[in-house]
Chemist: 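I am attaching a structure below and will ask some questions about it afterwards.
Source: prediction; values computed, not measured. Chain identifiers are assigned alphabetically (A, B, ...) following the order of the sequence lines, protein sequences preceding nucleic acid strands; residue numbering begins at 1 within each chain.
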Amino acid sequence: MANINELKNYDFTLREKYWQQFWEDNQIYKYDPASQKEVFSIDTPPPYVSASHLHVGHAMSYTQAEFVVRYKRMMGFNVFYPMGFDDNGLPTERFVEKKYKIDKSHTSKKEFIDLCLQATKEGGETYKKFWQSLGVSVDWSLLYSTINEHCQRTSQRSFIDLFQKGLIEHKEGPVIWCPKCQTALAQSDLDDLEQNTFLNYIDFKFEDGTTAPIATTRPELLPACVALYTNSKDPRFAKYIGKKAKVPIFNYEVPVLSDDNVDPAFGTGLMMVCTFGDGEDIERWKRDSLETRIVFDKAGRLTDKAGDYAGLKINEARKQILEDLKENLVKQDAISNVCNVHERCGTIAEFIVTPQWFINVVDHKADWIKRGDELNWYPKFMKSKFDAWIDGLKWDWCISRQRYYGVPFPVWYCDDCGQIVLPSDDELPVDPTSLAAPKNGCSKCGSKKLRPEHDVMDTWMTSSLTPLINANWQYPSDKNLMAKIYPMSLRVQAFEIIRTWLFYTIVKSHYHTDSLPWNDVMISGWGLDEKGRKISKSLGNFVEPEKIIEKYSADALRYWSAESTLGQNLRYNEEEVKVGKRTITKLWNASKFVISHLEEYQFQDSDNQHLEPADRWILSELQKTIKAYHKNFSVYEYAKAKDAVNSFFWDKFCDNYLEFVKYRLYDENTSEESKAAAKWTLYKALYNILQLFAPIMPFITEEIYQLYFINQDKNISIHLTQLPQVEKGLLINDQELKFSDILLIVQEVRKYKASKNYSIKKELSELIVEMTNDDAKNYTDLLKAVLSFQKITAGKGETTLSPDLKITIKE
RNA sequence: GGGCGCUUAGCUCAGCUGGUCAGAGCAUCUCGUUUACACCGAGAGGGUCAGAGGUCCGAAUCCUCUAGCGCCCACCA
């Protein structure tokens, strides 16, 4: 047995590394497929490996999830806790483009993908190291990467399954487009951007020679104008309905149509419809079969349809057109409006018309709402974000991207009959662009002229499958894993990806397995900087968790993470990390003291026969703590669970019980029975404290466990022990034992000494106690030793502490 | 424009199924070398719980409205 007193300090830098390795070597976190224990499976966000720098907010959200995992493991579950890296798709591409200062149009596809794979590999290693240094208890043998063969196969099978079920369509139409990334996007890829701009009032000339203005923030869309609309009840413009108007500068005629959804009070009451400025345009274009005039190309420049403006960028064209409008530009109002930008690059998204693949989601809104209702949301209010997203859903999910690095579509097109040709299941995964087309040719006409699909899938097409990827869904022969871990017990994630990751995963599981992907979802808030701002590189408020760990330890950082109520944002607060560090030291010191008195002690249940009031009190407080701990942790309220242990440990155990028990341990005259009772209590209390702290601070608790408790407990690690449950027999009530009176006396005497500026140890002559409920002489030894009185006597008290309790202090 | 969250001691936050709920930690002040720990201990000061109404015997806690902050959504053509 190590002698804890010989260890001067706890060197967290050294020891945390040691335990990381120890846990890894001993496979503490391994999922056991053979076990009969109930499985608890967790779906965690696969981070983009291209986010080369992780900040303290990431550390926060992952550790918050991890508290729960550790709790469940110590509750006896067979924990399935995988980690994935999301390394396909646009984020990685953009990372590579930035890092190597290239873009995909000037690099070969192969070269580009190689660089992406390289970045993926490097990123993955950095990440793994980082999670390990945080003490994240992932089973690394379950690591998946969304670009690996397994995930590609799952994604392609998902595609084929949905296609065969008629839920996927290849269609040409207006699609949200990023001119910078030059790819189609889904609605969920958009962010809002507020910008200051001008509402321009532009005169159109009508057949009868009169003019009337429309209002637009986007004059560069003039050459795309295909109709004007007005409300039929608008006396100003109703006369134009059915007539033609001439588009300024471009001098072609467009019809004036009526639409009573047009608000006469809005703009000028005369609305310009272009192909395409926004969803309104598209709606009317579809409904009224308007002409199509596409004036933006894929790179965000004006096309030949824009006449003299062809080749100009959108911004340049706007400027030029406004200038050229001259007297047709009757007024400009400065306004601020909100436009949609691509969330990955901040570029304003446009609409163009190209063929793309879509998953039908808009027609199934009722299903999504129903699934959302079935899911257990922690915290509950997060569900409203999901409902709101479904409510606002307008576009089917566009899953094709005109990029390189991603999962290919398993699709060929028959040049002769137009048939869409798919590979068979056992051929997956395939890359149609590098693989010979299916030997048998077109499945419909037999033609050998097959053209591969060049697009790749949206990254969410893969990450929406994480529960199914983990469960080996794509191998129908492996029913076992699927049955055990799916639907998964819990999804953990942050709130901003409810509309993407959470939503799409629900879509997939609903379509593929007609079930929810998980039973519970736990949504964390964001880690913010000290001032409450979102952490980002551009703000220069980046707090690197590695530096915090180096300075204060991973346990201390985790302690801070456990501060926030579930779902609330949490400001980074170095003071709180320091408190965590102090808690570690306190644990170390208290344990040093306790264990030094337990060195020859052999724990046995029978030693609890002679518990003294102080023992019974602390054991009862411990039971209350355990109760509160479970109550909170079972609903993922780790912060409240932590608070419960924390105040028990610090206030009850250290500041009081240890003081109460010292005289029994030191005094040679103490009976063996009393000593045994004290040791029994110390053993039990400290052991439980360590266990309860273990999910939050896995390192220091393991360290102390291994120094002493392991010798009697025989588990490999504290993290494989079972958390204590409330022992009702140890709970006491006030009728049974009025120990609260003793605490009142202690407090009063301490207050007295403080007011006199006495040392807490200064000996006073006499304490007279008047107690009705309990016999004061039961506590004589305790009060005498703890409060330093020459004698304790029963008698008339002068100071009233409670209705039943009076005392007199005599110097 | 709509929705959600937040607004409680100087700071960061609990409490919000209504009645020891006015709390914790940090910071501040006073004191204390007490053989686990000065990365400590004892004690003190500090808030009309954003504002205004309402329900109730009673509200930080429920309802209504207002203001500020944050996030999400929305067609200002």
Chemist: On the 0 to 90° scale, with breaks at 30° and 60°, tag the F503(A)-W368(A) ring pair as parallel, tilted or perpendicular.
Modeler: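 Because their plane-to-plane angle is over 60°, the rings of F503(A) and W368(A) count as perpendicular.
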
Chemist: Which residues satisfy the side-chain hydrogen bond (donor to acceptor under 3.5 Å, both in side chains) test with D191(A), sequence neighbours excluded?
Modeler: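 If we apply the side-chain hydrogen bond (donor to acceptor under 3.5 Å, both in side chains) test to D191(A), skipping adjacent residues, the hits are R499(A).
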
Chemist: Within the 4.0 Å heavy-atom criterion, would you say Q747(A) contacts the bases, only the backbone, or no part of the nucleic acid?
Modeler: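 Q747(A): backbone/sugar contact only, no base atoms under 4.0 Å.
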
Chemist: Given the P atoms of G41(B) and C4(B), what is the spacing between them in whole Å?
Modeler: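 Looking at atom P only, G41(B) and C4(B) are 44 Å apart.
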
Chemist: Starting at atom NZ of K640(A), determine the distance to atom P of A14(B), rounded to an integer number of angstrom.
Modeler: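 The answer, rounded to whole Å, is 8 Å.
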
Chemist: In dot-bracket, 5' to 3', how would RNA chain B read with Watson-Crick or G-U wobble pairs under 3.5 Å, [ ] for crossing ones and | for pairs to another strand?
Modeler: ((((((((.[[[[.).......]]]].(((((.......))))).....(((((.......))))))))))))....

Chemist: Closest to the R571(A) side chain: G41(B), C13(B), G5(B)?
Modeler: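 In terms of side-chain proximity for R571(A), the closest of G41(B), C13(B), G5(B) is C13(B).
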
Chemist: Scan residues 554-563 of chain A for pairs that pass salt bridge (charged side-chain N to carboxylate O under 4.0 Å, His left out), counting only residues two or more places apart or in two chains.
Modeler: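 The answer is E66(A)-R558(A), E563(A)-K642(A).
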
Chemist: Going by distance alone, is a donor N or O of one side chain under 3.5 Å from an acceptor N or O of the other, for Y572(A) and E574(A)?
Modeler: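 Yes, side-chain donor-acceptor contact under 3.5 Å.
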
Chemist: In residues 572-582 of chain A, which ones come under 4.0 Å of RNA chain B, going by heavy atoms?
Modeler: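 Nucleic-acid contacts, sorted: N573(A), E575(A), V579(A), K581(A), R582(A).
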
Chemist: Can you name the side-chain hydrogen bond (donor to acceptor under 3.5 Å, both in side chains) partners of E575(A), sequence neighbours left out?
Modeler: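 Partners of E575(A) by the side-chain hydrogen bond (donor to acceptor under 3.5 Å, both in side chains) criterion, ordered by chain and then number, come out as K578(A).
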
Chemist: Check nucleotides 74-77 of chain B for protein N or O atoms closer than 3.5 Å to its own N or O atoms and list the pairs.
Modeler:
| unit_1 | atom_1 | unit_2 | atom_2 | d |
| --- | --- | --- | --- | --- |
| A74(B) | OP1 | Q187(A) | NE2 | 3.4 |
| C75(B) | OP1 | K394(A) | NZ | 2.6 |
| C75(B) | N1 | E280(A) | OE2 | 3.3 |
| C75(B) | O2 | E280(A) | OE1 | 3.3 |
| A77(B) | OP1 | T217(A) | OG1 | 2.7 |
| A77(B) | O2' | M272(A) | O | 3.0 |
| A77(B) | N6 | D263(A) | N | 3.2 |
| A77(B) | N6 | D263(A) | O | 2.7 |

Chemist: Q64(A) and Y636(A): side-chain donor and acceptor closer than 3.5 Å?
Modeler: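 Checked: Q64(A)/Y636(A) side chains show no N/O donor-acceptor pair below 3.5 Å.
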
Chemist: Taking the six-membered ring of Y758(A) as reference, does the cationic atom of K762(A) (NZ for Lys, CZ for Arg) lie under 6.0 Å from its centre and within 45° of its axis?
Modeler: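 Yes, a cation-pi geometry holds between K762(A) and Y758(A).
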
Chemist: Quick one: do K383(A) and D373(A) satisfy salt bridge (charged side-chain N to carboxylate O under 4.0 Å, His left out)? Show the steps, please.
Modeler: CA-CA 8 Å; K383(A) 181 171 179 291; D373(A) 290 344; 2.8 Å; yes

